[in-house]
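Worksheet: the structure to be examined is printed underneath.
In this chain, numbering begins with 1 at the start of the sequence shown. Atom set for the values below is all heavy atoms of this structure, side chains included, hydrogens, waters and symmetry mates excluded.
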Amino acid sequence: MNHADARSADASAVALPETAAAHPTGPAAPRRGGAAGPVALVVGGALSVQFGAALAVLLIPRAGALGVVTLRLTLAALVLLLVCRPRVRGYSRSDWGTVVAFGAAMGGMNVCIYQAIDRIPLGAAVTLEVLGPLALSVVASRRLISLVWAGLALAGVVLLSGGGFDRLDPVGAGFALAAGALWATYIVFSARTGRRFPQADGLALAMAVGAVLSLPLGLAEAGTRLAVPSTLALGLAVALLSSVLPYTLELIALRRIPAGTFAVLMSLEPAVAALAGFLVLRQALSATDAAAIALVIAASIGAVRSRTRPAPAH
């Protein structure tokens, strides 16, 4: 995310984390001049997403992983629907199919990543998750250098797993990888939604779809615990930190910096997640884990830069 939902730039050119391609409004041409402001917005959005995820970990004992997903998506959908007030008439069946697929990918991605962070450290989960967008970028690229970045990312994953995912909990690692695959799907349908729906209307509608799909799961796991006032308050904080606030910050930033610069910044998200896990959850990283995360970040940045750099003239 789940996180980012404001990019109608070609999603295949961006290897990002959860917030990487979901706002259905296209950025205006980048402004010349100081980029410190937009960069601060992007970094602020990444911090918001991952500290929201860390808060979600604290909420899981109250509502369960599926209950947290339901709270996050439902409350974020309500906020976005109230703010955006999207129109629902005048769209084709194909348009609605696209936004439903976008919402389903969003919901599935959130279900998987919260199941993952319930089992493995936050930094490791986000590192594995980011492999989905990275793989999408590598596959979409026609450059041989992309194979180097893929190999670097694979080396990071092997290092993170310690030669076997049993060190991390194989179920948690599997959920994180599934979240990455759904994230790649989410990026593709985010871009398509951005071309079919104005402003952030598609995001608001897709968020509502994800909320509806997750509601039965959350109710089955948590039931009336979702209605406890303190749980609702924490759920609203997660929704604002992990969805509404970062999406807004990124939407503003994308109007002032190139998508490639944005992608490089977002590639740092595993490090932000590790920091949030350490500060909020006291999840310390070993030197090996830190090196593994650094390898995946380097691979992500390299893939983004090689994907967005113009090919040399012949």
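- Contact of the Arg192 side chain with the Val99 side chain is not registered, since no non-hydrogen atoms from C-beta on lie closer than 4.5 Å.
- Taking 4.5 Å as the limit, some side-chain heavy atom of Leu131 sits within range of a side-chain heavy atom of Leu177.
- A single hydrophobic cluster is not seen to contain both Val244 and Leu82; linkage of ILVMFWY side chains at heavy-atom distances under 4.5 Å, directly or through other members, places them apart.
- Remark: side-chain polar atoms of Arg72 are paired, donor with acceptor, to backbone N or O of Ser242 under 3.5 angstrom.
- Under the 3.5 Å distance criterion, with hydrogens and angles disregarded, a donor-acceptor pair is assigned to the side chains of Ser92 and Asp95.
- In this structure, Tyr186 and Phe102 have tilted ring planes: the angle between them lies in the 30° to 60° band.
- Separation of atoms CG (Leu249) and CG (Leu245) is listed at 4.5 Å; rounding is to 0.5 Å.
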Under 3.5 Å, which donor-acceptor pairs do the side chains of residues 202-215 form with other protein atoms, sequence neighbours left out?
{"unit_1": "Ser214", "atom_1": "OG", "unit_2": "Gly210", "atom_2": "O", "d": "3.3"}
{"unit_1": "Ser214", "atom_1": "OG", "unit_2": "Ala211", "atom_2": "O", "d": "3.1"}

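- Atom CG of residue Leu71 and atom CG of residue Leu59 lie 6.0 Å apart, to the nearest 0.5 angstrom.
- One finds the CD1 atom of Ile60 at 4.0 Å from the CG atom of Asp118 (value rounded to the nearest 0.5 Å).
- Here the shortest heavy-atom pairing between Ser48 and Leu240 reads OG-O, 4.4 Å.
- Not one N or O on the side chain of Thr231 forms a donor-acceptor pair closer than 3.5 Å with the backbone of Ala227.
- Taking CG from Leu73 and OG1 from Thr70, the interatomic distance works out to 7.0 Å, rounded to the nearest 0.5 Å.
- Closest approach of Tyr114 and Val238 over heavy atoms only: OH-CG1, 3.8 Å.
- Summarising the geometry, atom CD1 belonging to Ile120 is positioned 5.5 Å from atom CG belonging to Leu128; distances are rounded to the nearest 0.5 Å.
- Here the side chain of Gln50 pairs no donor or acceptor atom with the backbone of Ala276 at under 3.5 angstrom.
- Arg62 and Ser230 share a side-chain donor-acceptor pair at under 3.5 Å.
- Atom CG of Leu75 and atom CG of Leu80 lie 11.0 Å apart (nearest 0.5 Å).
- Under the 4.5 Å side-chain heavy-atom criterion for ILVMFWY residues, no single connected hydrophobic cluster contains both Val228 and Leu232.
- Residues Val100 and Phe189 have side chains not in contact (no heavy-atom distance under 4.5 Å, counting atoms from C-beta outward).
- Pairing each heavy atom of Ile117 with each of Ala125, the nearest pair is CG2-CB, 3.7 Å.
- Considering all non-hydrogen atoms of both residues, Ala178 and Cys112 come closest at CB-SG, 3.9 Å.
- Between the side chain of Gln283 and the backbone N or O of Leu122 there is at least one donor-acceptor pair closer than 3.5 Å.
- Of all the heavy atoms in Tyr91 and Arg196, the pair that sits closest is CE2-O, 3.8 Å.
- The two residues Ala298 and Leu152 make their nearest non-hydrogen contact at CB-CD2, 3.9 Å.
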(request) Apply side chain to side chain contact (heavy atoms under 4.5 Å, CB included) to Leu281 and Leu58, showing your working. (result) CA-CA 8 Å; Leu281 305 173; Leu58 299 178; 3.6 Å; yes

